[in-house]
Amino acid sequence: MLFDFGAVIVSLDKQRCIQALRQVGCGEIASYVDEHRSEDLFHEIELGGSNENFCQEAREKSHCNATDEEICWAWNELLTGIPVEKLRIIQHYHDTLGYKTALLSNTNWIHWEHSKKFFSADGRKVEDYFDNIFLSCDLGMIKPDKRIYEEVIEKTGVSADNIFFVDDSLTNSIGAIYMGIKTIHDPSGNAWMQPKAAIIGNFDGIHLGHQHIINQLKEVAADSPTPLATMAITFDRHPKALFNCSFIPKYITTLKEKERQLLKTGLDCVAIMPFNENFSKITAYDFMKMLHDEMAVKVLVVGYDNRFGAKKEGQKETFEDYQRYGKEIGIEVIQATPREDSGNHVSSSVVRKLIISGDIEAANKGLGRKFSITGKVVKGHQNGRKIGFPTANIIPQEDQLLPPNGVYATRVGNHRAMTNIGTRPTFDGHRLTIETYILDFNEDLYDKEITVEFERYIREERPFSSPQELMEQIKKDIKKI
């Protein structure tokens, strides 16, 4: 069992830290406490930079005279302690169940030295809870750098697919999955320790059918006599991709987006399993045993037509088999009811076909939200800017499903937009690009990640005799969005 430190084990209070920094005169750097910012000031100490240099830079950025001791005190106000129950659970994994336990954290020496006292319950020390401790400030690298996960695998002697990693960061969880490590993405940092009600599936698209089952899961958890956290268990790839090398799946939602959308439904956490050869051989019984022992699953809600686990030749397990396994293991197995919608069946394959055909409006109806593509904005040839319509050129993930080439009415955040998918036949006609013109927007988006939501198809992509003719068509297209 591999645990992140901040939020997953130690409780954090960002507002308390911000107030403390302002109290000692370092208000100018208070906003850096937000984990979504990537500031060199904090990354340097997370990589092992000296405390003295950090304090000096904090003074310079805030134009204050705070002492090193005052700055370290304020910075340590972020950490408020470790719930005793979390330490007891880690101790149970380590001492009673015999699991190897390890800590993996993007942290700094200021926080680490301060937090050691939090482990002193029952006269213990931090080393009594963990077989290995991996700190970014000691290793000189930060998650999700794949080298840090390689270090964990090498030093613990445990293969990637036998490691369970709990982290509150989506980016770090995805980084571990890419290394073949099983993960639980737990944004609150508290769900991992709680008994859980869970569902299993690929969940590509998180469409209305998936949402129907998720709602049933939440109802089961709410009606339970004992509190249950809700969790979706999904996979890093389509099973066909493992057994058929020529099969290159295109996903409605990439792995990162799938996690985001699952959590948007109100689930407490998401577990992702690397679907590799070893995993494909796990029987339903052994899989359920792992869910019970390692993930504290007490209730499993199974889709009415969902089957899982490796099967012997000629074997076909039924829902009743799952219930029988559950009684032996200690998991209550509940069958979800099918969604009824006037005979309109919603599935990932149905939504996928609608997107491929360009029927975005029908696809959105099946998804219960707008189909979207997320990618980093890169510099293009800036031809749009030259004709008065600057576009954000995004690079999606390779496995992202794309609608057919054409012009679409889209949105980026709260802004109306127009997106062209195609080969820019007026200019070069070779490389596929995704270019989005955002109305009433003039911010610099280069190297930033944006999400483009698709509303409907406007027209096909076609060549124009001149940039001027293209400009006139764009003006007409804008009136349709």
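By convention here, the first residue in the shown sequence is residue 1.
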Item checked: Set of residues satisfying ring-ring contact (aromatic ring centres under 6.0 Å, His included) with respect to His114, sequence neighbours excluded -> Phe118
Margin query: Salt bridge check, Arg147 against Glu151: does any charged N sit closer than 4.0 Å to a carboxylate O?
Written below: no
Next item on the list: Quick one: pull up CG in Asp268 and CG in Asn190 and give me the separation to the nearest 0.5 Å.
Entry: 9.5 Å
Next item on the list: Using the ring-ring contact (aromatic ring centres under 6.0 Å, His included) rule, collect all pairs that involve residues 160-197, keeping only residues at least two apart or in two chains.
Entry: Phe3-Trp192
Check: Can Gln56 and Glu60 be counted as having a side-chain donor-acceptor contact under 3.5 angstrom?
Finding: yes
Notebook entry, point to check: Who are the salt bridge (Lys or Arg N to Asp or Glu O under 4.0 Å) partners of Glu257, not counting sequence neighbours?
Noted result: Arg260
Next item on the list: Check Lys250, Arg237, Lys258, Arg352 against Asp204 for a salt bridge (charged side-chain N to carboxylate O under 4.0 Å, His left out) and give me the one that passes.
Entry: Arg352
Check: What pairs with Trp112 under ring-ring contact (aromatic ring centres under 6.0 Å, His included), at least two apart in sequence or on another chain?
Finding: Phe5
Just list the side-chain donor-acceptor pairs under 3.5 Å for residues 97-105, sequence neighbours left out, or say none.
residue, atom, partner, partner atom, Å
Lys100, NZ, Thr156, O, 2.7
Thr101, OG1, Tyr129, O, 2.6

Check: Aromatic rings Phe119 and Phe130: how do their planes relate, parallel, tilted or perpendicular, breaks at 30° and 60°?
Finding: perpendicular
Notebook entry, point to check: Between Asp321 and Arg324, is there a salt bridge with N-O shorter than 4.0 Å?
Noted result: yes
Margin query: Going by the rule ring-ring contact (aromatic ring centres under 6.0 Å, His included), which residues pair with His415 if we only count those two or more places apart in sequence or in a different chain?
Written below: Phe441
Margin query: Whether Arg411 and Glu453 form a salt bridge (side-chain N of Lys/Arg under 4.0 Å from carboxylate O of Asp/Glu) is what I want to check.
Written below: no
